[in-house]
Amino acid sequence: MEKIIINGSKRLNGEIAVQGAKNSVLPILVATLLIDGVSVIHNCPCLSDVDATIKILTYLGCRVTREGHTVTVDARGVSKNDVPETLMHEMRSSIVFLGGILGRTGKAVLSTPGGCEIGLRPIDLHLSAMEQFGATVKTENGLIICSAGEKGLTGTKITLSFPSVGATENIILAGVLAKGTTVITNAAREPEISDLADFLNRCGARIHGAGDSTVTIEGVNKLCSTEHTVIPDRIAASTYMIAAAVTNGRICLKDVIPSHIGPAVQPLREAGCDVRVSGRWVCLSAPPRLHRIRMIRTMPYPGFPTDVQAQIMALTSVCEGTSVIVENIFESRFKHIGELIRFGAKISAEGRMAVVEGVRKLYGANVKATDLRGGSAMIIAGLCAEGTTQISEIHHIDRGYEKPEEVLSFLGADIRRVKDDEKIDSE
Ligand code: UD1
C-alpha cells in the first residue's frame with residue numbers, strides 16, 4: 001500500500017501536457033474487439049483502469065502489446081465471450097464490454113457490476129438497449145447472459161430516459177456491426193462519445209451525429225485495422241487547473257481541446273481566475289484569494305462535470321464567501337466531504353446539496369481517498385493547506401491520474417509517493 005505526502009502552501013507554476021482521456025481510452029479499447037485486425041491506439045494513459053481493460057482483452061483472446069503510451073490490440077484471435085467476476089470487479093466501467101463482446105461474438109456473459117463508492121449505478125438502460133437490438137437478456141446467479149440468437153443483432157430506435165454515457169457507448173458498440181440502422185435519441189453528448197465514434201469510423205463504421213443528442217449508426221459487415229490518438233483528458237486538465245487556482249498559481253496546459261474544459265473554466269473565472277485560451281493552449285492565473293462560486297450544478301455534458309465536483313468543492317472551501325454545490329448525476333457522491341472537514345473545511349450537506357463556507361486556511365491532515373475524484377480533491381486540499389498531509393488508499397487515484405505526484409512536483413509542489421511503512425518527514 002502506498003500513500004501520498006504533501007507539504008502544502010507551495011505555489012504551482014509552469015506548463016504541462018495533459019494525459020490521454022481515461023473515459024475515452026476504455027471504450028475505445030473495448031471497441032478494438034469489433035475489429036477484424038490490428039488497432040494501434042496512441043496517447044493511452046498509464047492507469048490501473050487501462051491495465052484492467054487490457055487484462056480482460058487478453059483473457060478474451062486478443063494479443064495486446066504496450067509501448068509507452070501506445071497500445072496495440074490484435075483482436076483476430078478472440079475466442080471467449082465471458083468476463084470472469086474477478087476481472088469484472090477490477091473496473092466498474094467494465095459493463096461497456098457488454099456491447100463490445102455481444103457485437104463481436106453474438107453472446108456476452110458478464111457478472112453484475114453492483115454498486116460502487118459513488119452510488120448504486122444501475123445498468124437497466126444498458127440491458128434494455130440490448131433487448132431492443134433483439135438480444136435476450138437473462139440475469140441469474142449474479143451473471144448477465146446476453147444472446148443475439150441466430151438472427152444476430154438488428155438495428156433499432158432507442159430512446160434513453162437519461163443520457164447515460166456508458167449506455168450510449170454500449171449501443172454504439174452493439175450497433176456498428178448490427179443489421180440495419182440504429183438511432184439513439186437523448187444520447188450522451190460527452191466528448192468521449194465522439195472520440196469512440198471517430199475511432200470506429202476510421203475502421204469503416206458509419207456513425208453520424210456523435211456529440212449530439214441524436215446518433216445514427218448504419219450497420220456495416222466488417223471493421224478494419226486502424227490507428228487512433230485518444231483525446232486529452234478534460235477531467236485531468238480541470239483538476240490541474242483547480243490545483244493551480246488554490247495555490248495562487250499560474251499554469252499553462254498545452255495541447256488540450258479548450259471547448260472540452262469550458263464547463264469547468266466558467267466557475268474558475270467566477271472565482272476570480274484569469275483564464276486565457278489560445279489555439280490548443282489554456283493558461284490560468286489565480287488571485288491571492290479566490291471568490292466564492294455562487295452555485296455549481298453537475299449536469300450531463302456540456303454542463304459542469306460530476307467528475308470535477310469533488311475538486312471544485314475543495315477549491316470553494318478556501319474561497320471568500322459561501323458556495324453551493326448540487327450533485328445531480330450520482331446520488332452518493334459526497335463522501336469526500338468528511339475528509340475535507342479534516343482539513344478544517346466548513347461544509348454541510350443535505351441530500352444532493354452541499355453548502356461550503358469558505359475559510360481562510362486549510363491545515364494539513366491525515367485523510368483517505370474515498371474514490372477516484374474524491375482522492376484528487378484530497379490532493380488539491382493538501383496542496384493549499386498549511387503543513388503536512390498524508391493521503392491513504394491512493395489506488396483510487398491511480399485509476400484515473402497518471403503519476404500525479406510527478407506532474408505536480410514538476411509544477412513546484414512538495415509532493416511524493418511513499419510506501420505505507422516509510423518514515424514521513426514533515427516540514
Ligand atoms: C461515465 C464516466 C464517469 C462519469 C459519468 C457521468 C466512464 C468510464 N465513466 O460513467 O466518469 O462520472 O459517465 O458523466 O466514462 N444510470 C441509470 N441506469 C443505467 C445507466 C446509468 O440509472 O443503466 C444513471 C446512473 O446511476 C447515474 C447516471 O445515470 O445516476 C449517469 O450515469 P452514466 O452516464 O451511465 O455514467 P457512466 O457511464 O457509468
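Just so you know, residue 1 is the first one in the sequence shown, and it goes up from there.
No donor-acceptor contact under 3.5 angstrom links the side chains of Gln19 and Glu402, judged on distance only. With 3.5 Å as the limit, one finds no donor-acceptor pair spanning the side chains of Glu218 and Thr181. Between the side chains of His291 and Glu270, no donor N or O sits under 3.5 Å from an acceptor N or O. With hydrogens and angles left out, the side-chain atoms of Tyr401 and Asp233 include no donor and acceptor closer than 3.5 Å.
One finds a salt bridge joining Asp398 and Arg417 here, because a Lys/Arg side-chain nitrogen approaches an Asp/Glu carboxylate oxygen to under 4.0 Å. Taking a cutoff of 4.0 Å between a charged side-chain nitrogen and a carboxylate oxygen, Glu320 and Arg292 do not qualify as a salt bridge. Under 4.0 Å is where a charged nitrogen must lie from a carboxylate oxygen, and between Arg66 and Asp51 at least one such pair does. Between Lys22 and Asp49 there is a salt bridge, since at least one side-chain N of the basic residue sits less than 4.0 Å from a carboxylate O of the acidic one. We find that Glu327 and Arg352 are not joined by a salt bridge, their nearest charged nitrogen and carboxylate oxygen being 4.0 Å or further apart.
Within a 6.0 Å sphere centred on CZ of Arg289, other residues, nucleotides and ligands contribute more than 12 heavy atoms. Taking a 6.0 Å sphere around CD of Glu85, one finds it holds 12 or fewer heavy atoms contributed by other residues, nucleotides or ligands.
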Inset, instruction - With side-chain contact (heavy atoms from CB on, under 4.5 Å) as the test, would you mind laying out the steps for Ile347 and Phe334 before giving the verdict? - result: CA-CA 11 Å; Ile347 308 171; Phe334 276 157; over 6 Å; no

Inset, instruction - I would like to know whether Arg342 and Glu339 meet side-chain contact (heavy atoms from CB on, under 4.5 Å); could you show each step before the answer? - result: CA-CA 5 Å; Arg342 289 173 186 265; Glu339 302 302 300; 3.5 Å; yes

Legend entry - Worked check of side chain to side chain donor-acceptor pair (under 3.5 Å) between Asp195 and His228: CA-CA 9 Å; Asp195 204 20; His228 181 79; 2.8 Å; yes

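The structure places CZ of Arg360 at 12.5 Å from CD of Glu386, a figure rounded to the nearest 0.5 Å. One finds the CD atom of Glu406 at 12.5 Å from the CD1 atom of Ile16 (value rounded to the nearest 0.5 Å).
Each of Glu190, His260, Glu192 was checked for a side-chain hydrogen bond (donor to acceptor under 3.5 Å, both in side chains) with Arg234, and the lone residue meeting it is Glu192. Each of Asn328, Asp371, Asp307 was compared with Arg333 under the side-chain hydrogen bond (donor to acceptor under 3.5 Å, both in side chains) criterion, and only Asp307 meets it.
Of the possible donor and acceptor atoms, none in the side chain of Ser323 sits under 3.5 Å from a partner among the backbone N and O of Cys319.
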